[in-house]
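Below: one structure, written as structure tokens.
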Amino acid sequence: MSRVMAATSDLSDPPSLASLAASGTASLFLDFDGTLVELAPKPDAIAVPEWLEQGLSELARQLEQRCAVVSGRSIAELKHYIGAAPLAYAGSHGAEMLGADGALLRAQDHGLPDAIETALKAFADEHDVAYEEKPHGGALHYRSAPEKAALVHGFAEELAAEHGWRAQSGKCVAELVSLGASKGEAVFAFMQTHPFTGSRPIFLGDDLTDEAGFEACQNLGGIGIVVGERATNGAETMAQFALPDVASVHDWLGL
């Protein structure tokens, strides 16, 4: 299927979730940071609303468990924040996956090679940016020094190419992940399993890494909804609709 892209500033609000669900069986794939919770200066500084876990539990019940969180965070981190909600999870950009029934669908089979980890840590120390260790890779955060964007991304691209990994960009972050990990691949994998099979997928996300999820949903007859700053800055996106902020996501989901 051909790629259909649009400027984010040209996108309208999505139809209500109720109307989309009424028109056929719908599935939700939700990014976490910047979509369900507000971004924070550091990954461990997020504020998670007390009611989020219960709200997501009710949402999953309404959709007959066709609701998944798809994030760059590990599943362990996600379950720390919303673990009691009966959701499917794709962590580490899809490198690890749990089904809606808790069954293991995909396990992280390798971590970051020592050579890459050593190089990322050394770069972070030298250039005063933050290094984040992840089960599937490593990330360099420069939210406190946005002027270092080109330096950080250039280094990440070179390091990834040298070791046969993939560098991807996000909001003030450059991340190295294994070649097979993407949010789009996670969507495709979920859609082959019960209870997602045969449904219309809807992906909500705020970052560049969510574009793969938007594209996967488009290819499967579904839709993408871009959230936040990217929804108004005019950048090209695979999403068909936009929401302005996290609060509007909560409202749209009925949380």
Side-chain angles (χ1 to χ4, degrees), residues 1-15 17 20 23-36 63 66-73 87-97 105-106 136-137 139 153 156-157 160 165-171 173-193 196-244 249 252-253:
M1 182 175 178
S2 61
R3 295 167 58 92
V4 179
M5 304 190 76
T8 54
S9 55
D10 295 335
L11 302 180
S12 60
D13 291 346
L17 179 55
L20 290 171
S23 64
T25 305
S27 292
L28 282 178
F29 299 96
L30 308 171
D31 176 43
F32 188 67
D33 295 273
T35 300
L36 288 175
L63 293 171
R66 295 185 304 276
C67 187
V69 174
V70 183
S71 172
R73 289 182 184 264
L87 307 170
Y89 291 93
S92 306
H93 298 282
E96 49 177 350
M97 297 175 59
L105 300 179
R106 181 179 297 167
H136 69 289
H153 288 287
E157 291 283 355
W165 277 51
R166 179 167 62 88
Q168 61 185 17
S169 301
K171 291 181 177 177
V173 61
E175 189 168 2
L176 269 71
V177 298
S178 58
L179 290 175
S182 83
K183 293 184 178 182
E185 289 300 321
V187 170
F188 279 118
F190 276 131
M191 292 295 289
Q192 305 305 311
T193 66
F196 298 97
T197 305
S199 65
R200 186 185 188 196
I202 304 167
F203 196 106
L204 279 75
D206 73 307
D207 214 339
L208 289 171
T209 57
D210 298 310
E211 289 295 326
F214 300 152
E215 183 176 7
C217 286
Q218 185 181 118
N219 289 339
L220 292 166
I223 63 173
I225 302 172
V226 64
V227 177
E229 179 186 348
R230 292 193 67 243
T232 58
N233 67 8
E236 286 196 327
T237 180
M238 297 293 292
Q240 294 97 327
F241 300 98
L243 289 169
V249 171
W252 189 80
L253 294 173

- Only counting residues at least two apart or in another chain, list the ones meeting side-chain hydrogen bond (donor to acceptor under 3.5 Å, both in side chains) with Thr193. none
- Note on the structure: In short, Phe190 meets Ala68 closest at the heavy-atom pair CE1-CB, 3.9 Å
- Note on the structure: Output for pair (Asp33 CG, Thr209 OG1), nearest 0.5 Å, gives 9.5 Å
- Item | Results of side-chain hydrogen bond (donor to acceptor under 3.5 Å, both in side chains) for Thr35 - residues two or more places apart only | Asp31
- Note on the structure: Taken to the nearest 0.5 Å, the spacing of Gln168 CD from Leu176 CG works out to 9.0 Å
- Query: Are side-chain heavy atoms of Pro14 and Leu243 found at a separation under 4.5 Å?
  - Reply: yes
- Message: Let me confirm one number: the CD-NE2 distance from Glu175 to His153, rounded to the nearest 0.5 Å.
- Response: 11.0 Å
- Item | Spatial distance of atom CE (Met191) from atom CZ (Arg66) [nearest 0.5 Å] | 9.5 Å
- Looking only at heavy atoms, what is the nearest atom pair of Val187 and Cys217, with distance? CG1-SG, 4.2 Å
- Distance in Å, Met238 CE paired with Asn219 CG, rounded so as to fall on 0.5 Å steps: 6.5 Å
- Message: Between Asp210 (side chain only) and Asp207 (backbone N and O only), is there a donor and an acceptor less than 3.5 Å apart?
- Response: yes
- Query: At their closest point, which heavy atom of Gly221 faces which heavy atom of Arg200, and how far apart are they?
  - Reply: O-NE, 3.2 Å
- Query: If you look at every heavy atom in Ala239 and Glu211, which pair is closest and at what distance?
  - Reply: N-OE1, 4.4 Å
- Least distance between heavy atoms, Ala26 atom then Ser199 atom: C-CB, 4.3 Å
- Item | Side chain proximity check, Thr237 to Leu11, heavy atoms < 4.5 angstrom | yes
- Task: Taking Gln240 for its side chain and Gly224 for its backbone only, find out whether a donor-acceptor pair lies under 3.5 Å.
- Result: yes
- Query: Taking the six-membered ring for Trp, are the ring centroids of Phe29 and Phe196 within less than 6.0 Å of each other?
  - Reply: yes
- Note on the structure: In this structure, CH2 of Trp252 is separated from CG of Leu204 (nearest 0.5 Å) by 5.5 Å
- Of all heavy-atom pairs between Gly72 and His93, which one has the smallest distance, and what is that distance? CA-NE2, 3.4 Å
- Phe214: partners by ring-ring contact (aromatic ring centres under 6.0 Å, His included), with sequence neighbours left out: Phe203
- Item | Sub-4.5 Å side-chain heavy-atom contact between Leu30 and Cys67 | yes
- Mind checking whether Ser71 and Tyr89 have side chains closer than 4.5 Å, heavy atoms only? no
